[in-house]
Asker: 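The structure's right below; bear with me while I get my questions together.
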Amino acid sequence: MMRVKPSALVMGLYLLFLLLPIYWLVNMSLKTNTEILSSFTLFPRDLTLRNYMVILTDPSWYMGYVNSIIYVTLNVVISLAVALPAAYAFSRYSFMGDKHLFFWLLTNRMAPPAVFALPFFQLYSSVGLFDTHIAVALAHCLFNVPLAVWILEGFMRGVPKEIDETAYIDGYSFPKFFVKIFMPLIASGIGVAAFFCFMFSWVELLLSRTLTSVNAKPIAATMTRTVSASGMDWGVLAAAGVLTIVPGALVIWFVRNYIAKGFALGRV
Amino acid sequence: MIKTQNNKAWFLVLPVLVLVAFSAVLPLMTVVNYAVNDTFGNNQFFWVGLEWFEEMVTSSRLHDALGRQILFSAIILAIEVPLGIYIALNMPKSGFWASFCLVLMSLPLLIPFNVVGTIWQIFGRVDIGLLGHTLAALGFDYNYTNDPFDAWMTVIVMDVWHWTSLVALLAYAGLQSIPQAYYQAARIDQASRWAVFRYIELPKMKGVLLIAILLRFMDSFMIYTEPFVVTGGGPGNSTTFLSIDLVKMAIGQFDLGPAAAFSLMYFLVILLVSWVFFTVMTNLDRQESK
């Protein structure tokens, strides 16, 4: 017990440091604006859900969430659909230029979105995709497809090759083998890749803001409009922030054991 | 694993190639186009060669932004890497509390970047934020919108808050892979805590730590949203990092040529670092499979 105590203290302090700012956001979201501005209270005195009601009843607010969810879902589906076969190829075969291609994919994960913001804007405007969900979904493929390929490749390497060979001997065609046998084997890998695609698409703002104006405007961009002539609507801003944290917080329990692997691009 | 040589595997990679080419190569070509041309609007371009590059290489504005960027990346690496390792060493090894810590620590990583900015913007305000209010109550003259030093402190603490968990999680994953036998051997040899760390834990964490350092370097090098939300690059230009400067130039002032030249040089730096990253990682993979 003597040895456990100091480490528990360190962890306690660190978690406190992590949670205090989040607590403050939640705390503010449950206060009225007068309470926020007029007095300094550590917890809400007049507990109010007004800020959440504002968001959930006003289409210009909640459509932000709907838009974000649409393009994030599209992005996850596209990323996984193209990344699955590619990751299989990288994990099983060596072919001409495979290493260069793998490296080139990585460079896209590392590409600063700021470099791509303007060209994306022009590219998608010129093909008439500006302000559509699919434009944002495609733009986010820039970093999510490489990420999905890397994560899936990491998981696929753990599956012994004999399984593939046995399946072919048993007369399975490649597509049937892939869907019926191989995909269930790496189900956790697919889940983790999907989670990370979801996450990185969800947290990204620069590209999604640049590529949308009204119809596909993400929640993160909607949040900037709380600055109005009558001053800042702090309560609503805090409530909107809390609602953007919820999706990640809900699913994180399921991927907790893989989270390091995901952030390390499948390389742990 | 021994891989089969088969060039037909290209067909499986083709969809990725097409998609990423569309979302990476095409836009990059546009950037190249802007970087060597001048435009007066109406899609009329005039060839200017390397003029924009020369202008950017000698621009003091770029030098300043680059200097701030390097300083920022260096500071956060110096804080986050040791702190992350320290936290990982103190994490519970297994059971409910390990999962509990993992989930809570991951929380900041899943918050949209601009919400991270918003959280700290609120948290640091003297009138309504816990941090700002406490500092003011303790007698500090803290104001991140006016004082460059306070702005820097806020942005750095925010980044430490946001990303230290990433380093900790990776280091933790590395620690988990160390067999118990190593620790038992160390105990028999009566090795000190420092010796255990230096000769057992650190070498075993080398791989994941390299990943962590490079990821943190890359991501901090292209940081945009969080400091933009908190300080808007100010006060003055004191927290204007490379990405913020780039977006200001390209979208704010519409100086496409210089911005494009800047983008390309920025991208080359990224490419170089990615290459180091890739080489290190493939070498480590090869060592492991031996």
Asker: Does any heavy atom of chain B fall under 4.5 Å from the side chain of A:F174, the backbone, both, or neither of them?
Answerer: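 Answer is side chain: those atoms of A:F174 sit under 4.5 Å from chain B.
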Asker: When heavy-atom pairs shorter than 4.5 Å are enumerated against chain A, which of B:F267, B:Y266, B:W10 gives the highest number?
Answerer: B:W10
Asker: Chain B heavy atoms under 4.5 Å from A:F17: which part of the residue, side chain, backbone, both or neither?
Answerer: both
Asker: Just give me the residue among A:L142, A:I22, A:L18 that pairs up with chain B most often, heavy atom to heavy atom, under 4.5 Å.
Answerer: A:L18
Asker: If you count heavy-atom pairs within less than 4.5 Å of chain A, which of B:V103, B:L107, B:I128, B:N7 leads?
Answerer: B:I128
Asker: Mind ranking B:P108, B:S99, B:S243 by heavy-atom pairs under 4.5 Å with chain A and telling me who comes out on top?
Answerer: B:S99
Asker: Side chain, backbone, both or neither: which part of B:F22 has a non-hydrogen atom closer than 4.5 Å to chain A?
Answerer: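 For B:F22, heavy atoms of backbone and side chain both lie under 4.5 Å from chain A.
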Asker: What part of A:L15 lies closer than 4.5 angstrom to a heavy atom of chain B: side chain, backbone, both or neither?
Answerer: side chain
Asker: Measuring heavy-atom distances to chain B, does A:F195 have an atom under 4.5 Å in its side chain, in its backbone, in both, or in neither?
Answerer: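 For A:F195, the side chain is the part near chain B, not the backbone.
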Asker: Let's go through B:R193 and B:L89 carefully: what are the C-alpha distance in whole Å and the side-chain angles of both, what is the deciding distance for side chain to side chain contact (heavy atoms under 4.5 Å, CB included) to 0.1 Å, and is it a yes or a no?
Answerer: CA-CA 11 Å; B:R193 184 70 195 84; B:L89 289 171; 3.9 Å; yes
Asker: For B:V247, which atoms come within 4.5 Å of any heavy atom of chain A: side chain, backbone, both, or neither?
Answerer: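 The answer is the side chain of B:V247.
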Asker: Where does B:M218 contact chain A at under 4.5 Å (heavy atoms): side chain, backbone, both or neither?
Answerer: side chain
Asker: Where on A:S79 is there a heavy atom nearer than 4.5 Å to chain B: the side chain, the backbone, both, or neither?
Answerer: neither
Asker: If we define contacts as heavy-atom pairs under 4.5 Å, which of A:G248, A:P119, A:P112 has the most with chain B?
Answerer: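 Among A:G248, A:P119, A:P112, the one with the most close pairs to chain B is A:P112.
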Asker: Check whether A:L101 gets within reach of chain B through its side chain, its backbone, both or neither, counting any heavy atom under 4.5 Å.
Answerer: side chain
Asker: What part of B:I111 lies closer than 4.5 angstrom to a heavy atom of chain A: side chain, backbone, both or neither?
Answerer: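 Contact with chain A is through both the backbone and side chain of B:I111.
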Asker: Please classify the contact between B:V157 and chain A as side chain, backbone, both or neither, with a heavy-atom cut-off of under 4.5 Å.
Answerer: both
Asker: Non-hydrogen atoms of chain A under 4.5 Å away: do they reach the side chain of B:T118, the backbone, both or neither?
Answerer: side chain
Asker: I'd like to know if the side chain of A:R256 reaches the main chain of A:W253, judged simply by a donor and an acceptor atom lying under 3.5 Å from each other, with no hydrogens or angles considered.
Answerer: yes
Asker: With respect to chain B, which residue among A:R209, A:Q122, A:K99 yields the maximal number of heavy-atom pairs within a distance under 4.5 Å?
Answerer: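 The answer is A:Q122.
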Asker: For B:S165, is it the side chain, the backbone, both, or neither that has a heavy atom closer than 4.5 Å to a heavy atom of chain A?
Answerer: both
Asker: Parallel, tilted or perpendicular: which fits the ring planes of A:F102 and A:F90, with parallel below 30° and perpendicular above 60°?
Answerer: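 A:F102 vs A:F90 ring planes: tilted.
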Asker: Against chain B, label A:I219 side chain, backbone, both or neither, depending on which of its atoms sit under 4.5 Å from a heavy atom there.
Answerer: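 No part of it gets close to chain B.
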Asker: Could you tell me whether the side chain of B:R216 and the main chain of B:L166 form a donor-acceptor pair under 3.5 Å?
Answerer: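 Checking the backbone N and O of B:L166 against the side chain of B:R216, no donor-acceptor pair under 3.5 Å is found.
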Asker: At a heavy-atom separation under 4.5 Å, does B:L26 approach chain A through its side chain, its backbone, both, or neither?
Answerer: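 The side chain, not the backbone.
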Asker: At a 4.5 Å cut-off on heavy atoms, which part of B:N33 comes close to chain A: side chain, backbone, both, or neither?
Answerer: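 Neither the backbone nor the side chain of B:N33 comes within 4.5 Å of chain A.
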Asker: Heavy-atom distances under 4.5 Å only: say whether B:T164 touches chain A with side chain, backbone, both or neither.
Answerer: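 Both backbone and side chain.
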Asker: For A:W202, which atoms come within 4.5 Å of any heavy atom of chain B: side chain, backbone, both, or neither?
Answerer: both
Asker: So which of A:L20, A:I245, A:V10, A:L19 has the largest heavy-atom pair count under 4.5 angstrom toward chain B?
Answerer: A:V10
Asker: Using modelled atom types only, decide if a donor and an acceptor are shared between the side chain of B:E80 and the backbone of B:I213 within a distance under 3.5 Å.
Answerer: no
Asker: Please step through side chain to side chain contact (heavy atoms under 4.5 Å, CB included) for the pair B:F228 and B:I223, ending with a clear verdict.
Answerer: CA-CA 9 Å; B:F228 184 76; B:I223 190 166; over 6 Å; no
Asker: Please find out if less than 6.0 Å separates the ring center of B:F241 from that of B:F221.
Answerer: no
Asker: Tell me whether B:N6 contacts the main-chain N or O of A:Y93 through its side chain, where contact means a donor paired with an acceptor under 3.5 Å.
Answerer: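 Here the side-chain-to-backbone pair does not exist.
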Asker: Between A:S91 and A:E153, do the side chains contain an N or O donor and an N or O acceptor separated by less than 3.5 Å?
Answerer: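 Absent: no donor and acceptor within the cut-off.
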Asker: Rounded at 0.5 Å granularity, tell me how far CD1 in A:I259 sits from CG in B:L170.
Answerer: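 Result: 10.0 Å between the selected atoms.
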Asker: Check step by step if side chain to side chain contact (heavy atoms under 4.5 Å, CB included) holds for A:Y14 and B:M105.
Answerer: CA-CA 9 Å; A:Y14 180 62; B:M105 282 166 63; 3.9 Å; yes
Asker: Quick check on A:Y124 against chain B: is it the side chain, the backbone, both or neither that has a heavy atom closer than 4.5 Å?
Answerer: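 When you check distances to chain B, only side chain atoms of A:Y124 fall under 4.5 Å.
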Asker: Using non-hydrogen atoms only, which part of B:V25 is less than 4.5 Å away from chain A: side chain, backbone, both, or neither?
Answerer: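 Interface part for B:V25: side chain.
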Asker: Tell me, for B:T30 versus chain A, whether the close heavy atoms (under 4.5 Å) come from the side chain, the backbone, both or neither.
Answerer: side chain
Asker: Could you have a look at B:L83, B:I122, B:L242 and say which one has the most heavy-atom pairs with chain A under 4.5 angstrom?
Answerer: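 Maximum pair count with chain A is reached by B:I122.
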Asker: Pick from B:S106, B:S23, B:G129, B:P15: which one has the most heavy-atom pairs with chain A under 4.5 Å?
Answerer: B:S23
Asker: Under a 4.5 Å heavy-atom cutoff, which of A:L205, A:I252, A:L25, A:L123 has the most pairs with chain B?
Answerer: A:I252
Asker: Under 4.5 Å, counting heavy-atom pairs only, tell me which of A:G241, A:S94, A:A86, A:A89 racks up the most with chain B.
Answerer: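 Among the listed options, the one with the most contacts to chain B is A:S94.
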Asker: Which answer fits A:M199, side chain, backbone, both or neither, if we ask what part of it has an atom under 4.5 Å from a heavy atom of chain B?
Answerer: side chain
Asker: Checking heavy atoms, do the side chain of B:L14, its backbone, both or neither come under 4.5 Å from chain A?
Answerer: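 Interface part for B:L14: neither.
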Asker: Under 4.5 Å heavy-atom distance to chain B, tell me which part of A:R109 shows up: side chain, backbone, both or neither.
Answerer: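 Contact with chain B: backbone and side chain both.
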Asker: Without swapping roles, check the side chain of A:Y65 against the backbone of A:A240 for a donor-acceptor pair under 3.5 Å.
Answerer: yes
Asker: What part of A:V149 gets within 4.5 angstrom of chain B, counting heavy atoms only: side chain, backbone, both, or neither?
Answerer: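 Looking at A:V149, just its side chain touches chain B.
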Asker: Does any backbone or side-chain atom of B:Y224 lie under 4.5 Å from a heavy atom of chain A? Answer side chain, backbone, both or neither.
Answerer: side chain
Asker: At a heavy-atom distance under 4.5 Å, which candidate from B:L264, B:L109, B:D127 has the highest pair count against chain A?
Answerer: B:L109
